[in-house]
Amino acid sequence: MKKQLIAYIFLLVLTLNACAATPAKVANENPLVLEKFTETESGYVLIGKFRSIGLPQGAQAVSFSNWPKITDADGKEIQFTQTDPSSEKTEQGIFPWAFEIKGRQFKWPLTIKPDLVAVKYENVQTKFEFDTEAKPPDEQVQELDALGNTTNYPIWNLDIDLGLLAGYPVRVVKAIRRADGYEFYFKSTAVFHGVDVQIQDSTQGMTGMDVPGEFSSAATFAGKVPSGKLTVLVAHPVVAISGLWELQWQPENQ
């Protein structure tokens, strides 16, 4: 019985070690993949995908945060244009890319190297309280209503610490009442492409980066816009993260 128990423990350890080795192998895969290329009259179109491999926990790649650089073997930058990668749907956490390169005479191989990727954190959220009647608004903004009449809407200058959102410090610095809801402005040391905000039964309005380190997001309403003490849910942040990714390519006939 004792020998059987020792043999069982030995096999269990081997099994656990084999399972633990699998994620390391996946993590070493290149997230930047070239799937195919086509020749054009003036050059090539490269088509591939970026996969959420080796990213921070919970992060799902959604797009390049800025365009990659394509360089030749001497480090000379090659100009390219973005084209429609595909009409096919991709899995969550994977985004397609396609670049058209003019010319065929290069110092091969070419290197595709992005430095920033926008990632979305689906399960990250926080909330804050916003009281529209806590104090008189600091300023006003003028907008045109549906009939073309000028309407004044209040602006609140805020300083609300949200703590860490997806691992990065975020503060709410301003709120503006719009005709159909509220728009909130945020600051962070990281580059946020946007967040979703929700108040009661609101729907998501425009969200995006204003300048690096500053971004905004709006909650809109189909009916009456609520006021008073409001709870604002902040969720699904999209953040630009840096990494060491690259891909080399040259045609087989080169």
Side-chain angles (χ1 to χ4, degrees), residues 52 54-67 92-93 95 114-143 151-222 224-243:
S52 298
L55 298 180
Q57 185 175 3
Q60 297 181 340
V62 293
S63 67
F64 291 120
S65 186
N66 55 11
W67 294 123
Q92 193 172 27
F95 67 84
D115 60 355
L116 290 173
V117 170
V119 300
K120 186 175 185 177
Y121 291 85
E122 283 284 353
N123 298 321
V124 171
Q125 64 179 39
T126 188
K127 61 180 64 174
F128 67 93
E129 301 298 323
F130 169 56
D131 189 351
T132 65
E133 300 173 353
K135 63 174 184 176
D138 297 296
E139 304 173 54
Q140 286 187 334
V141 62
Q142 287 189 344
E143 288 187 344
T151 305
N152 293 321
Y153 289 112
I155 300 175
W156 292 265
N157 289 317
L158 307 173
D159 186 16
I160 301 174
D161 186 3
L162 296 185
L164 297 180
L165 192 62
Y168 303 98
V170 176
R171 304 187 77 86
V172 190
V173 295
K174 186 168 62 175
I176 300 179
R177 168 67 190 271
R178 301 295 187 185
D180 57 353
Y182 295 95
E183 185 173 11
F184 298 94
Y185 291 76
F186 305 83
K187 282 190 176 182
S188 176
T189 55
V191 176
F192 278 73
H193 286 271
V195 293
D196 292 345
V197 294
Q198 185 174 6
I199 304 171
Q200 299 174 11
D201 59 348
S202 67
T203 57
Q204 181 60 45
M206 294 289 291
T207 182
M209 180 174 61
D210 300 319
V211 296
E214 298 181 14
F215 57 102
S216 60
S217 187
T220 62
F221 298 85
K224 183 181 178 180
V225 178
S227 60
K229 293 182 179 180
L230 305 175
T231 298
V232 184
L233 178 68
V234 182
H236 310 142
V238 179
V239 190
I241 64 172
S242 61

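Keep in mind it's a predicted model, so treat the numbers as computed, not measured.
No side-chain heavy atom of I160 sits under 4.5 Å from any side-chain heavy atom of F184. V119 has its side chain out of reach of P56: every pair of non-hydrogen atoms, C-beta onward, lies at least 4.5 Å apart. At least one side-chain heavy atom of Y182 sits less than 4.5 Å from a side-chain heavy atom of T132. Side-chain contact between R171 and D161: present, with at least one pair of heavy atoms (C-beta onward) separated by less than 4.5 Å. Taking the side chain as every heavy atom from C-beta outward, F130 and V172 never approach each other to under 4.5 Å. Put simply, the side chain of S242 does not reach to within 4.5 Å of the side chain of D115, judged on heavy atoms. At least one side-chain heavy atom of V234 sits less than 4.5 Å from a side-chain heavy atom of V197.
When all heavy atoms are compared, the tightest approach of V124 to P237 is O-CD, 3.6 Å. The nearest pair of heavy atoms linking A61 to S52 is N-OG, 2.8 Å. Counting all heavy atoms, side chain and backbone alike, T220 lies closest to G205 at CG2-CA, 4.0 Å. Closest heavy-atom contact between G181 and F221: CA-CD1, 3.8 Å. A pairwise comparison of heavy atoms in T207 and V195 identifies OG1-O, 2.9 Å as the closest pair. Residues A235 and Q125 approach most closely at CB-CB, 3.8 Å, considering heavy atoms.
With no hydrogens or angles considered, no side-chain donor-acceptor pair links E183 and S217 at under 3.5 Å.
If you look at Y168 and Y121, their ring centroids are not closer than 6.0 Å.
F192 and F215 have parallel rings, their planes meeting at less than 30° on a 0 to 90° scale where 60° marks the start of perpendicular.
Q198 contributes no side-chain N or O that, together with a main-chain N or O of V232, makes up a donor-acceptor pair within less than 3.5 Å.
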- Message: Would L162 and F186 count as a side chain to side chain contact (heavy atoms under 4.5 Å, CB included) here? Give the steps.
- Response: CA-CA 10 Å; L162 296 185; F186 305 83; 4.0 Å; yes
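A distance of 7.5 Å separates NE2 in H236 from CG in N123, rounded to the nearest 0.5 Å. Atom CZ of residue F128 and atom CG of residue L230 lie 9.5 Å apart, to the nearest 0.5 angstrom. Atom NZ of K135 is separated from atom CG of N157 by 7.0 Å, given to the nearest 0.5 angstrom. With rounding to the nearest 0.5 angstrom, the CD atom of E129 is 3.5 Å from the OG1 atom of T231. With rounding to the nearest 0.5 Å, the separation of NZ in K174 from OG in S216 is 9.0 Å. With rounding to the nearest 0.5 angstrom, the CG atom of L55 is 15.0 Å from the NZ atom of K120.
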